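Quick notes on the structure that follows.
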Amino acid sequence: MPIPDDVTGEEIDPDVRQELMSLPKGLAEDVSRNLVMVAQLIDEEPERAYEYSRVALRLASRVAAVREAAGFAAYATQKYSEALAEFRAARRMSGGVELWPVMADCERGMGRPERALAMAGEPEVQKLDKAGQVEMRLVAAGARRDMDQLDAAIVTLQSPELASGAVHPWTARLRYAYADALLAAGRESEAREWFAKALEADKDGATDASDRLAELDGVEFVDAFDDSEDEVLEAVEGVEDVSVEDVSVEDEIDDLDDEDEDEDEDYDGDVR
């Protein structure tokens with residue numbers, strides 16, 4: 001697949017670049033450029049990102065970072081079985097546990113929430129950092145909701161991290177998930193409170209908490225500039241087109257002369 005000339009591969013994360021040093025230089029450059037494209041496209045154009053990830057995978061399938069990137073690209077396109085296989089391969093190669101929550105979420109995506117819940121209780125969760133543990137809690141709550149266990153989902157999200165007033169990168173998403181679970185359980189006033197708290201923590205617009213709040217408040221947004229073509233045509237209906245050529249300079253001078261003559265006839269005062 002074509003890659004823009006300004007993508008050099010140097011934009012890649014230093015840790016990933018270190019992993020790619022095991023490859024011949026030219027191959028490492030090709031792989032890194034494809035991985036850069038995956039990172040650039042995965043949010044807005046996941047299908048294209050997926051295609052670049054497949055190229056990188058064909059070139060360097062024995063590099064953990066490549067398998068991980070392929071997993072995330074498959075995950076972004078809802079190819080959960082494929083994503084899980086890539087994440088498992090990356091984990092075997094790296095020996096880390098960072099991918100545990102997203103692996104559990106793949107189980108949810110494949111319609112196996114009970115497996116996701118089982119993973120939430122495994123020892124690997126204790127090895128995760130705080131962000132990873134919060135992510136695992138979100139996945140577990142989602143699995144509870146998949147199984148129509150709304151009250152259990154709410155309890156799952158109730159944690160010191162939720163109660164804390166400190167704002168972390170995961171705070172908005174945790175509060176939003178809690179608000180959404182409360183709303184699903186019919187606890188609207190509490191849900192509104194937590195959507196507001198999610199919005200307060202959401203500095204990067206990671207959630208649509210503002211829209212959910214507006215919906216609860218019965219506010220409807222109307223785009224004032226979204227006039228249809230029919231409305232525009234109706235506004236100008238009956239107006240004749242006038243071009244510059246339709247009015248000559250001579251006509252304008254004649255009109256001015258007529259005005260001057262009228263003024264002279266009406267004026268009967270003394271001239272001094």
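Keep in mind that this is a model prediction, so the values were computed, not measured.
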Using distance alone, with no hydrogens and no angle criterion, decide if Q158 and Y178 have a side-chain donor and acceptor under 3.5 Å apart. yes

Hey, is the main chain of E10 close enough, under 3.5 Å, to the side chain of R17 for a donor-acceptor pair? yes

Please work out which of the three classes, parallel, tilted or perpendicular, describes the rings of W170 and H168, given edges at 30° and 60°. parallel

Rounded at 0.5 Å granularity, tell me how far CD in E86 sits from NZ in K79. 12.5 Å

Has R108 got more than 12 heavy atoms of other residues, nucleotides or ligands less than 6.0 Å from its CZ? yes

Is a donor on one side and an acceptor on the other found under 3.5 Å between the side chain of R137 and the backbone of T156? yes

Matching residue for E68 among V102, V63, L99 - test: side chain to side chain contact (heavy atoms under 4.5 Å, CB included): L99

Around atom CE of M1, are there more than 12 heavy atoms from other residues, nucleotides or ligands closer than 6.0 Å? yes

Might you point out which heavy atoms bring Y75 and C106 nearest each other, and give the distance in Å? CD1-SG, 3.7 Å

Do R91 and M103 touch side chain to side chain, with heavy atoms closer than 4.5 Å? yes

Show the numbers, then the answer: is there a salt bridge (Lys or Arg N to Asp or Glu O under 4.0 Å) between D202 and R175? CA-CA 10 Å; D202 193 1; R175 293 177 180 179; over 6 Å; no

Side-chain donor-acceptor contact under 3.5 Å, Q40 with Y52: no

Tell me the closest heavy-atom pair linking A166 and T171, and the distance in Å. O-OG1, 3.6 Å

Side chains of R212 and Y176: any donor to acceptor distance under 3.5 Å? yes

I'd like to check E82 versus F87 (side-chain heavy atoms, cut-off strictly below 4.5 Å). Are they in contact? no

Quick test of your reading of the model: are K197 and E190 salt-bridged, counting only N-O distances below 4.0 Å? no

Which pair of non-hydrogen atoms, one from A83 and one from G71, has the smallest distance, and what is that distance? CB-O, 3.4 Å

Between S159 and E161: side-chain donor-acceptor atoms closer than 3.5 Å: yes

Scanning both residues in full, the closest heavy-atom pair of I42 with A76 reads CG1-CB, 3.8 Å

